[in-house]
Each structure stands twice: as C-alpha cells, then as structure tokens.
Amino acid sequence: MRNKKGDFSISEKTMVWIAVAIIFGIMAVFLVHSIEIYNSSLVKISPELIETFYVYRFLNNPGCFAYQDSATGRVDAGLIDMNKFTAGRLAECYKTNMSTYYNFLLKLEKTNVSIKTQEWWNIVHHTVIKNVRVLNNGSVTNDKMLVYVQRRLGD
Amino acid sequence: MLIVFEILAVAAASSIFILIARNAAENDIANRMIIAEQITMSANALLAVPGNAWLEFPANLSRYTEKFERNEVGVYRDEASLPVKSFFVTFDDIWLEGIFRNKPNVYMIKEGGVLRVSSEKPRLRQMEQVPDAESRNAEWKSELIMLSPKVAEGRIDLFVQAMADYMKVRNANAVQADYIEEGKKPIARIMVREVNEQGVIRIHYSQIMEEMKNRKLAVILGNNLGLLEDTQIFVASGTGREFEYANVSIIIDIDANTKKRSDEVFNAVYSALEEYYEK
C-alpha cells in the first residue's frame, strides 16, 4: 500500500490485523497444548499402582527374591530367600539405566539388610511397607520389607 | 483492498481453528497412549506373578501397529506416523521383540520366567504335578492337607486330633479338601506340613472365612500360642467371590523328637478352637 508520497506504509488497521493474527496464533498453540495435556491426563496411571507391580515382582517372582523349591519348582510367594536378596540379584530382576523412571531401596527391617537399584540417589518419594517372611539358613521369620521409592525426577 | 485483506485474515484464522478442531477430533493419541500404557502395565503385572500366566489385551488393536523393542512399546497409527511409546523395566535377560501390524489380538505370555508377545492365543504347558515331597534334595518338603471338622465327624476335638495325627505321620501323602458351612458361608481349613532334613516339622495352619470371625480366632489363638517361641500368627484379608475373607495363619516349628513341645502346641490350638466355638 502506498501513502500520499508514494512510499509503502502500513496502516493502523493492518497493524491491528497483524496483532490479531499473532494473538490467534498464540491461542491456537495454547489450544493444541491444552488438548495434549488433557489427553495425557486421561491416561495417566497412578505412580502408586506402578510401584505396587514392581514391589510384587520383588516379593513374588523367583527371578527376584521369592523362594523356589529346587526339587518341585514351586514358588513360595512372599517368602524372601536371603540367598537371593543381593544387589546383584536386584540388578538382574530390575534392570535400570539412566532413563529408568523408578528406583528402589529395599530394606528388611528385622534382618537389617538393605539393597538398592543402580540409579538410587537417596530421594524418597514414597515408601511401601510389606509384611514378608524371610528364609535364612533354613529358618523362617516374619519381617517387614520397607520399599523406598524414588520416582522420576519432576514427577 | 483492505476488505479483501480482512476477509482473508478472517478466513485464515477460521481455517486454523477448524484445522485444529479436526485434528483433535481425528487424533487418536489418547487411544494410543492408553494402549501403550496398558501394555506396559500388563508386562509389569505378568512379571509380578510367581508362575506362568498369559493375558489377552482387552481391546481390538486392528487399527494400530505395535512395535516391541527391548523395554519399550511403540503404538503407531500407521508406520509413517510418529509412535506413542511407553517403557517398562524388565529382567536382565527378558526383552520383548516383535511388530504386530493391524492384528486384532495381542497376547502377553509369561512362561518359564520368560516374557513374550504373540498374536496367537497361547497354549501353555500343563502345570507340572508337584511330586509328593519325597525328594531329599529339597530343604523343605511340603504337603497341603485340608481338614475340616466334617472330615472328623464334626467334632473339633477329633479335628485337632487329626491335625496331630497328620503331624506325627511322617511323609503322609494324604491330601484332603473339604468345606464346612457356618450359616451359609463356607469355611476352609488348611494345614501344610513341612519336614526338613533335620526332622523338624513345620505346621502352617490356615483358616479362611469371614474377616471379623477370623480376627477373633486370631486373637484367641494369639493368646493361647503367644507364649510359645517361634510361633508366628498373622491375618491377611482378601476378597472372595461372595464375601470379604481373611486368612489366619499360624506357623509353628516343632522338633519332632520333642513330644512335650508338640503337645503344648496342640493343646494351645485345641483350647483356642474350643474357645472360638464356645464349646
């Protein structure tokens, strides 16, 4: 558009439209972002539920700490075999890396033995307490397993 | 000229919003996120059970492609689209691999400690029968014996005597299952006897019934058995098909050579059960 001198200029109205376009653009981006956040909130799974599955893996799976009869193959879920309760075993049954969301410190209260996953940074977000039985040198005792949970930082 | 510009601006703004609305309506990111998360949770659930298990993903997945790669699953609308991914933590030697293109059913299977994914319904091996606790390699040998007063002609004293008899009879293969009814509620009593190589007998006695009644029994048993060493009593509650129940368990280590000790235990159990039934 030319002014009276013949130069190009931008009228006030055009400026208003440009501003409106920018505002609309920002609103559009905001709208898209809101929809994404809403979608995420629809499918968010409670961290406590996820932690529970991991805790039960530690307690019930013979690949972790559950006692398994070598002759019958029968697994005694919830019976912690102290021969298995080592950091090495934990690293096998819960393989962590830098991007692992959940890390754990497991402590048997009475037995007073603790093990932790590799990326445990001593930041406790939640603690799960489970009554367990512990098999140690052929005798079974009742104990409590304290599972300290370190969630993904920022969660 | 200005009017044309204004009309174009309005049209552009409207188009942007219509485009966003259409994308939002057609977009199935939420669906794919749900699928990815549920697959992850399924893997975690399977790794949390002690034995073999499988589960069918509870939705038709024929619109999507699922790609399993080590410890992540990506759900695609089509292969050109960006996937929605979810991650799980596996065992050191368990990795999931495979691509399932527009398969309606996906099954996750845990067999022999190995986790795998398949579009075919699994046929798991039959559970191997547990041998009759005769192996000398096993540190503890276990038998599951279910008894009830009905087995012992409805008399609690005979029932307790039967418990004592089963304890005394080493390597008994008898397995009995029975229920009695209290009102209309079934009650199961379970006794597990374990013997180690040193001849120490361990009795697990469990009674499953309504929670409050079991708690009452647990308290009575606790009072009667509390003074004995190595006796552990605990109550765990759960949900049955028809009612909330609890499982009261006693674990007692008995030296088979010490008659006095076993007498103490059975006198205590006898008294507790008698008190519970107000005999």
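In the text below, chain A, chain B and the rest are named by the order of the sequence lines, each starting its count at 1.
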Neighbour count above 12 (heavy atom, 6.0 Å) for K84(A) NZ: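 Counting other residues, nucleotides and ligands, NZ of K84(A) exceeds 12 neighbours.
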
E109(A) atom CD, neighbour heavy-atom count above 12 within 6.0 Å: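 Atom CD in E109(A) is crowded, with more than 12 foreign heavy atoms closer than 6.0 Å.
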
Partner set under ring-ring contact (aromatic ring centres under 6.0 Å, His included) for F104(A), not counting sequence neighbours: Y54(A), F58(A), Y94(A)

With sequence neighbours excluded, residues passing side-chain contact (heavy atoms from CB on, under 4.5 Å) with S15(B): none

Distance, nearest 0.5 Å, that separates CG of N44(B) from OH of Y56(A):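 The distance works out to 14.5 Å.
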
4.5 Å side-chain heavy-atom contact, L49(A) and M41(B): yes

Part of A66(A) lying under 4.5 Å from any heavy atom of chain B: neither

Residue part contacting chain B, namely of L31(A), when any heavy atom lies under 4.5 Å: side chain

Heavy-atom closest contact (V49(B) atom, N61(A) atom, distance):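 Nearest heavy atoms, V49(B) then N61(A): O-ND2, 4.1 Å.
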
Non-hydrogen atoms of F53(A) and A48(B) that approach each other most closely: O-CB, 3.5 Å

